[in-house]
Asks: 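Handing you a structure now.
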Amino acid sequence: MATLSVPLTKDLEEFIDSQVRLGKLENKAAVVRRALRLLAEQEAVAAVLKADQEPSVRGDLDRLAKKLG
């Protein structure tokens, strides 16, 4: 697993700390990983919705979803 150092604003750091303090996730790294997974899911959904508007792929969303998943 890779390690990445990213500068954060004070607000983001406080949000991450609060998620851990409230017991929503076990540590800071878990909060960041969850946020990145949610962003990836949003991007995948947006790609499927955009593809649905394309006449060339309309009706073949199952195959497209498998490619994205």
Side-chain angles (χ1 to χ4, degrees):
M1 186 179 297
T3 300
L4 181 65
S5 177
V6 179
L8 299 173
T9 64
K10 184 74 171 160
D11 289 342
L12 286 174
E13 185 178 9
E14 289 173 1
F15 175 76
I16 291 170
D17 289 340
S18 73
Q19 296 299 294
V20 175
R21 188 173 50 256
L22 293 170
K24 293 187 176 187
L25 291 154
E26 59 275 8
N27 56 47
K28 293 178 181 184
V31 175
V32 174
R33 283 192 296 269
R34 181 172 184 205
L36 290 172
R37 278 193 300 275
L38 289 171
L39 178 59
E41 289 173 10
Q42 286 179 343
E43 292 291 325
V45 168
V48 169
L49 292 174
K50 182 178 178 184
D52 188 40
Q53 302 304 310
E54 297 292 326
S56 62
V57 291
R58 190 179 297 266
D60 202 4
L61 290 178
D62 286 336
R63 192 178 86 212
L64 179 61
K66 286 178 185 177
K67 281 185 178 182
L68 294 173

Asks: Would you name the heavy atoms of L25 and R34 that are closest together and state the gap between them?
Replies: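 Minimum heavy-atom contact is CD1-CD, 3.8 Å.
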
Asks: Same cluster or not: L4 versus L39, using hydrophobic residues (I, L, V, M, F, W, Y) connected whenever any side-chain heavy atoms lie under 4.5 Å apart?
Replies: no

Asks: For V45 and V48: C-alpha separation, side-chain torsions, deciding distance, then whether side chain to side chain contact (heavy atoms under 4.5 Å, CB included) applies.
Replies: CA-CA 5 Å; V45 168; V48 169; 5.8 Å; no

Asks: What's the separation between atom CD in Q42 and atom CZ in R37, rounded to the nearest 0.5 Å?
Replies: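 One finds 13.5 Å between CD of Q42 and CZ of R37.
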
Asks: Do V20 and F15 sit in one hydrophobic cluster, given that two such residues count as connected whenever their side-chain heavy atoms are within less than 4.5 Å of each other, even indirectly?
Replies: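 As far as the 4.5 Å side-chain criterion goes, F15 and V20 are not connected within one cluster.
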
Asks: If we only count heavy atoms from C-beta on, is the K28 to R33 side-chain gap below 4.5 Å?
Replies: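 No, every pair of side-chain atoms sits at 4.5 Å or beyond.
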
Asks: Tell me whether I16 shares a hydrophobic cluster with L22, the cluster being built from Ile, Leu, Val, Met, Phe, Trp, Tyr side chains joined at under 4.5 Å.
Replies: no

